[in-house]
**Student:** 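Sharing a structure, written as structure tokens. Questions coming.
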2 protein chains.
Amino acid sequence: MISMRSKYALKALGYMSRTSEKESFLIADIAQTEGIPKKFLEAILLTLKNNGILSSRKGPGGGYSLAKAPAQVTIGAVVRAFEGDLAPVQCLSESASASCPECADEDTCGIKLVMADAGNAFASVLDSVTLADMLQRSEFERQRRQQVVDFTI
Amino acid sequence: MISMRSKYALKALGYMSRTSEKESFLIADIAQTEGIPKKFLEAILLTLKNNGILSSRKGPGGGYSLAKAPAQVTIGAVVRAFEGDLAPVQCLSESASASCPECADEDTCGIKLVMADAGNAFASVLDSVTLADMLQRSEFERQRRQQVVDFTI
DNA sequence: TGAGAAGTCTACAATAAATATAGACAAAGC
DNA sequence: GCTTTGTCTATATTTATTGTAGACTTCTCA
């Protein structure tokens, strides 16, 4: 289960990608449009900036903007900014205190081997989809459903 | 990230599957062998029983035993007993209050569509591996490493 | 038939983490 | 130098996880 942080980040980035006529976005604007607590979003956008996904300018006329094209930002990169590596068990995490203390032999632990496969499968999907793909997919789905409605009415 | 509950459950089941000469296991025995807090394990085994993975008998000579052969129990079934459905976002969860309140149009939400793919990829792996597979995999890895050691010495 | 062995249940304590908020601060533009 | 806007630090709130305590039930076997 990914955190609200990641979800809010994806919502904010989706909004920014979708609204290409604007080139700069105020925190307050994004927060209100996407229904995200403003102060919370503030920290989220900062994290995205520190991960090279957003850039910012202070002062009047300032705000946040995408540092890369939506087709250059994978969902995996966004989620990883908040969830760390996407390891399903701690002993698979590169960062911090990785090993599980109670594991007799970590190298041959079956749980670890299986979870590595599952985690890789999960991460592969997120790494293969960009913000642009996500929007396109959503739009495609919208039109598909629209057509179904048209036919049934 | 899966919870300790799931990990402890897999460790306990791994031990029970591996130790086929015993047919009944005491909570205290499993707890000590696998280094799991006894009282915590107690609740975990009960959950596994309620999910049809274990059976139990009270009284002297009693204890827990596997309700199915290790090859009949998938890792997915075990993990699901503790993590519910393996949905990476709440709005994909069948159980409980599923929908995300702030989502404008859940049907066409790109985040949901992408996460559904990722979650399915994750679950597919766990559903395709049984306890027996997990043990075999671990044993295979142990022998592989053993050989490497033999060659290098 | 009753003593002891084992699982079952309820309640709760102790952390830890996620979520969210407040308010001071810094930089940029006019 | 005033306003706008992002940045930072600290902290509150809530929720979930992890773990513990103790009473209770069921079973077996002497």
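Below, chains carry the letters A, B, ... as their sequence lines are ordered, and counting in each starts from 1. Note that these values count all heavy atoms, side chains included, but never hydrogens, waters or copies made by symmetry.
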**Student:** For DNA chain D, note the earliest and the latest nucleotide, 5' to 3', having some atom under 4.0 Å of a heavy atom belonging to chain A.
**Tutor:** dT4(D) to dC8(D)

**Student:** May I have the list of side-chain donor-acceptor pairs in residues 107-118 of chain B shorter than 3.5 Å, sequence neighbours left out?
**Tutor:**
residue: Thr108(B); atom: OG1; partner: Asp105(B); partner atom: OD2; Å: 3.1
residue: Lys112(B); atom: NZ; partner: Glu106(B); partner atom: OE1; Å: 3.0
residue: Asp117(B); atom: OD2; partner: Arg137(A); partner atom: NH1; Å: 3.0

**Student:** Calculate the interatomic distance between Leu41(A) atom CG and dT19(C) atom P; express it in whole Å.
**Tutor:** 14 Å

**Student:** In sequence, state the C-alpha distance, the side-chain angles, and the governing distance for Gln143(A) and Glu139(A), and then conclude on side chain to side chain donor-acceptor pair (under 3.5 Å).
**Tutor:** CA-CA 6 Å; Gln143(A) 289 189 5; Glu139(A) 178 60 18; 3.1 Å; yes

**Student:** In whole angstrom, what separates Leu48(B)'s CG from dT8(C)'s P?
**Tutor:** 11 Å

**Student:** Rounded to the nearest Å, what distance is computed from the CD1 atom of residue Ile27(A) to the P atom of nucleotide dA20(C)?
**Tutor:** 16 Å

**Student:** Name the nucleic acid region contacted by Phe82(A), choosing base, sugar-phosphate or nothing; use a 4.0 angstrom heavy-atom cut-off, strictly under.
**Tutor:** nothing

**Student:** Using modelled atom types and a 3.5 Å cut-off, is there a donor and acceptor pairing between side-chain atoms of Ser138(A) and backbone atoms of Met134(A)?
**Tutor:** no

**Student:** Quick one: which of dA20(C), dT8(C), dA6(C) gets closest to the side chain of Tyr8(A)?
**Tutor:** dA20(C)

**Student:** Arg18(A) and side chain to side chain contact (heavy atoms under 4.5 Å, CB included): which single residue from Leu13(A), Leu135(A), Leu131(A) fits?
**Tutor:** Leu135(A)

**Student:** Please collect all salt bridge (charged side-chain N to carboxylate O under 4.0 Å, His left out) contacts where either partner lies in residues 36-49 of chain A, sequence neighbours excluded, each pair once.
**Tutor:** Lys39(A)-Glu42(A)

**Student:** In sequence, state the C-alpha distance, the side-chain angles, and the governing distance for Tyr64(A) and Leu48(A), and then conclude on side chain to side chain contact (heavy atoms under 4.5 Å, CB included).
**Tutor:** CA-CA 10 Å; Tyr64(A) 276 101; Leu48(A) 290 174; over 6 Å; no

**Student:** Of Glu83(A) and Lys38(A), whose closest DNA chain C nucleotide lies nearer the 5' terminus?
**Tutor:** Glu83(A)

**Student:** Ser6(A) or Gly63(B): which one's nearest nucleotide on DNA chain C is closer to the 5' end?
**Tutor:** Gly63(B)

**Student:** Between Thr19(A) (side chain only) and Met16(A) (backbone N and O only), is there a donor and an acceptor less than 3.5 Å apart?
**Tutor:** no

**Student:** I'd like to know if the side chain of Asn51(B) pairs up with that of Thr47(B) as donor and acceptor (distance under 3.5 Å, no hydrogens or angles considered).
**Tutor:** no

**Student:** If I take atom NZ in residue Lys11(A) and atom P in nucleotide dT19(C), what distance separates them, rounded to the nearest angstrom?
**Tutor:** 14 Å

**Student:** Quick test: give all pairs of protein nitrogen or oxygen and nucleotides 9-13 of chain C nitrogen or oxygen below 3.5 Å, distance rounded to 0.1 Å.
**Tutor:**
residue: dC9(C); atom: N4; partner: Glu42(B); partner atom: OE2; Å: 2.3

**Student:** Taking DNA chain C as the partner, which of residues 52-60 of chain A come within under 4.0 angstrom of it by heavy atom?
**Tutor:** Lys58(A), Gly59(A), Pro60(A)

**Student:** Do Asp133(B) and Thr130(B) have side-chain atoms, one donor and one acceptor, less than 3.5 Å apart?
**Tutor:** yes

**Student:** Using atom CG of Leu26(B) as one end and atom C1' of dA5(C) as the other, report the distance to the nearest whole Å.
**Tutor:** 9 Å

**Student:** Going through the distances and angles, do Asp29(B) and Tyr15(B) end up as a side chain to side chain contact (heavy atoms under 4.5 Å, CB included)?
**Tutor:** CA-CA 10 Å; Asp29(B) 167 31; Tyr15(B) 169 58; 3.3 Å; yes

**Student:** I need the CG-P distance between Leu45(A) and dA20(C), as an integer number of Å.
**Tutor:** 14 Å

**Student:** Quick test of your reading: applying salt bridge (charged side-chain N to carboxylate O under 4.0 Å, His left out), list the pairs with at least one residue in residues 52-62 of chain B, sequence neighbours left out, ordered by first then second residue.
**Tutor:** none

